[in-house]
Number of protein chains: 2
Amino acid sequence: MALEHAILVSLLEKPGSGYELARRFERSIGYFWTATHQQIYRVLKRMEADGWIGARDVPQRGRPDKKEYSVSAAGLSTLTGWLGEPVQPESVRHELAVKLRGAAFGDPAALTGEVERHRRMHRDRLAHYLAGQRRDFGGGGTAEDPGAEASGPEDLDPGRELQHAVLRGGIAYERMMIAWLDDVLATLHRLSPRRDPGPSGGRPAQAGPAPDPAP
Amino acid sequence: MALEHAILVSLLEKPGSGYELARRFERSIGYFWTATHQQIYRVLKRMEADGWIGARDVPQRGRPDKKEYSVSAAGLSTLTGWLGEPVQPESVRHELAVKLRGAAFGDPAALTGEVERHRRMHRDRLAHYLAGQRRDFGGGGTAEDPGAEASGPEDLDPGRELQHAVLRGGIAYERMMIAWLDDVLATLHRLSPRRDPGPSGGRPAQAGPAPDPAP
DNA sequence: TCCTGATATGCAACTTGTTGCATAGGCAAG
DNA sequence: CTTGCCTATGCAACAAGTTGCATATCAGGA
């Protein structure tokens with residue numbers, strides 16, 4: 001039960017309606033916690049009943065009214081209480097890893113396209129993160145050299161620093177995944193050295209990793 | 001709906017009872033897909049009804065009989081069919097990332113212990129993976145230089161190669177997490193430079209990353 | 001004009017996943 | 001000899017998450 005907490009964090013960062021939250025869960029916070037609009041509306045209702053958040057009707061020109069939620073004092077103390085609890089081990093779901101182990105009982109080469117698709121997704125997300133980093137956190141150190149900003153000018157807004165730390169985690173994750181997927185592609189290619197990487201959508205499955213989006 | 005498929009893979013790798021599967025989901029395959037014994041028993045029952053797996057009663061000395069399941073032809077074709085389907089985007093749940101963003105509205109330093117605990121967990125899991133790699137895949141190349149084995153002696157059992165690729169992914173993930181958690185600890189320390197890292201359970205939150213288990 | 005799409009909210013039904021408990025024999029420590 | 005733990009399976013109730021659909025308004029294009 002932690003969607004509540006993700007919503008609290010998001011509403012503390014900026015109040016908003018259920019719909020707006022749903023949008024955010026397709027971007028920013030959604031990169032670390034997923035939820036559909038159905039779930040969000042249902043949980044918002046419960047949170048309002050529990051007094052964690054308050055609603056305010058906002059009339060809009062043309063559009064239906066929206067209910068803008070914001071966090072109450074009770075909600076804030078719920079959140080800070082939660083911060084003190086240990087997080088229980090994340091439940092892992094790496095479907096691609098399961099498929100790779102399953103591929104031993106089918107045709108490994110059939111996974112190549114899928115792995116390439118994943119690689120593209122991770123490459124795009126990395127580019128997105130890096131753009132966000134440039135936009136929101138300036139041209140400082142690279143994500144590969146954590147702590148490089150530590151000796152720089154004092155920029156100690158905790159919210160900003162923490163958001164940057166989370167973003168650096170996302171960047172590190174995407175880089176790691178891209179490198180691993182290259183490794184997997186090389187392995188698949190080694191197992192069945194058919195198809196040469198054609199020019200369309202092609203990327204080297206054999207040689208060194210394709211260039212990342214420039215940091 | 002993919003617990004079925006994870007079970008199929010596990011049973012193909014080695015037939016076993018529900019209980020044994022539950023144990024495996026605490027180790028090996030469980031590092032990439034979690035499930036409790038309740039879920040496993042329920043799904044096994046359904047899979048048997050669907051004819052994906054067959055059961056065989058195995059009497060045991062002293063212990064209650066166990067039902068040893070193995071994959072039928074129908075189950076195998078189900079699995080290979082699944083391999084061809086695109087994996088839909090994994091639903092992400094990075095609770096620690098949510099907490100970090102939430103910490104801006106509480107006391108960031110209160111998270112230090114939790115982050116350190118996570119780091120220990122990841123360090124231990126990395127050591128576990130590396131031990132498994134040494135045990136099952138010999139002294140070959142390091143995980144940091146994927147493809148190093150490619151030019152070595154031909155060892156092209158697909159199952160083995162794919163399991164190794166998955167394991168390398170686990171290793172890369174744990175290394176990445178450890179590095180990121182060091183980054184986070186440095187950030188937290190920068191935000192509130194209280195407590196010096198004492199000698200008990202201490203690890204440098206400031207200087208370079210603590211030494212990994214030797215690869 | 002009609003159709004599509006974005007904003008905005010929500011119900012109902014269904015599937016998954018979790019938690020608590022129950023059974024039942026054997027084995028080892030105290 | 002009793003208490004707790006391990007093997008081994010399972011029911012029942014609940015919580016969480018997904019999917020399909022419904023409503024309503026307005027803007028812009030075919």
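A note on names: the letters A, B, ... follow the listed sequences, proteins ahead of strands, and every chain is numbered from 1. Values below: every heavy atom of this structure, side chains too, minus hydrogens, waters and symmetry copies.
In this structure, CG of B:Asp57 is placed 13 Å from P of D:dA8, rounded to the nearest angstrom. Rounded to an integer number of Å, the gap from B:Arg56 CZ to D:dA8 C1' is 16 Å. The OH atom of A:Tyr69 sits 13 Å away from the P atom of C:dA8 (whole-angstrom rounding). For B:Ile40 and C:dT19, the CD1 to P distance is 15 Å, given to the nearest whole Å. Rounded to an integer number of Å, the gap from A:Lys45 NZ to D:dA16 P is 17 Å. Taking atom CD1 on A:Ile7 and atom P on D:dG17, their separation rounds to 10 Å, with Å as the unit. If you measure from atom CD of B:Gln39 to atom C1' of C:dT15, you get 11 Å, rounded to the nearest angstrom. Distance, A:Lys66 NZ to C:dT9 C1': 13 Å, rounded to whole Å.
Within the 4.0 angstrom heavy-atom criterion, no nucleotide atom of any strand lies near A:Ser91.
Put simply, the side chain of A:Glu114 gets close to the backbone of B:Val87: a donor and an acceptor are under 3.5 Å apart. Between the A:Lys67 side chain and the A:Gly54 main chain, no donor and acceptor come within less than 3.5 Å of each other. Proximity of a side-chain donor or acceptor of A:Trp180 to a complementary backbone N or O of B:Ala165 within less than 3.5 Å is detected.
Using a 4.0 Å cut-off between a side-chain N of Lys or Arg and a carboxylate O of Asp or Glu, A:Glu20 and A:Lys66 qualify as a salt bridge. Comment: B:Arg46 engages B:Glu4 in a salt bridge, judged by a side-chain N to carboxylate O separation of less than 4.0 angstrom.
Contact annotation: B:Tyr19 side-chain N/O to D:dT7 OP1/OP2 distance is under 4.0 Å. In this structure, A:Tyr41 does not reach the C:dG10 phosphate: none of its side-chain N or O atoms is under 4.0 Å from OP1 or OP2. Using a 4.0 Å cut-off, some side-chain N or O of B:Lys67 falls inside it from OP1 or OP2 of D:dG10.
B:Trp52 has its side chain out of reach of B:Val71: every pair of non-hydrogen atoms, C-beta onward, lies at least 4.5 Å apart.
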Give me, pair by pair, the N or O atoms of the protein and of nucleotides 20-23 of chain D that are less than 3.5 Å apart, along with how far apart they are.
| from | atom 1 | to | atom 2 | distance (Å) |
| --- | --- | --- | --- | --- |
| D:dG20 | O6 | A:Gln38 | NE2 | 2.8 |

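Taking the ring centroids of B:His128 and B:Tyr31, they lie under the 6.0 Å cut-off.
Mapped onto DNA chain C by nearest heavy atom, B:Val43 and A:Gly18 fall at different nucleotides, with A:Gly18 at the one closer to the 5' end.
Checking C:dT18, D:dT7, D:dT19 against every side-chain atom of A:Thr36, the shortest atom distance belongs to D:dT19. Comparing D:dG17, C:dG17, C:dT16 by their nearest atom to the side chain of A:Leu3 picks out D:dG17. Among C:dT16, C:dG10, D:dT7, the nucleotide with an atom closest to any side-chain atom of B:Arg46 is C:dT16.
Put simply, the side chain of B:Arg42 and the base of C:dT18 share a donor and an acceptor less than 3.5 Å apart.
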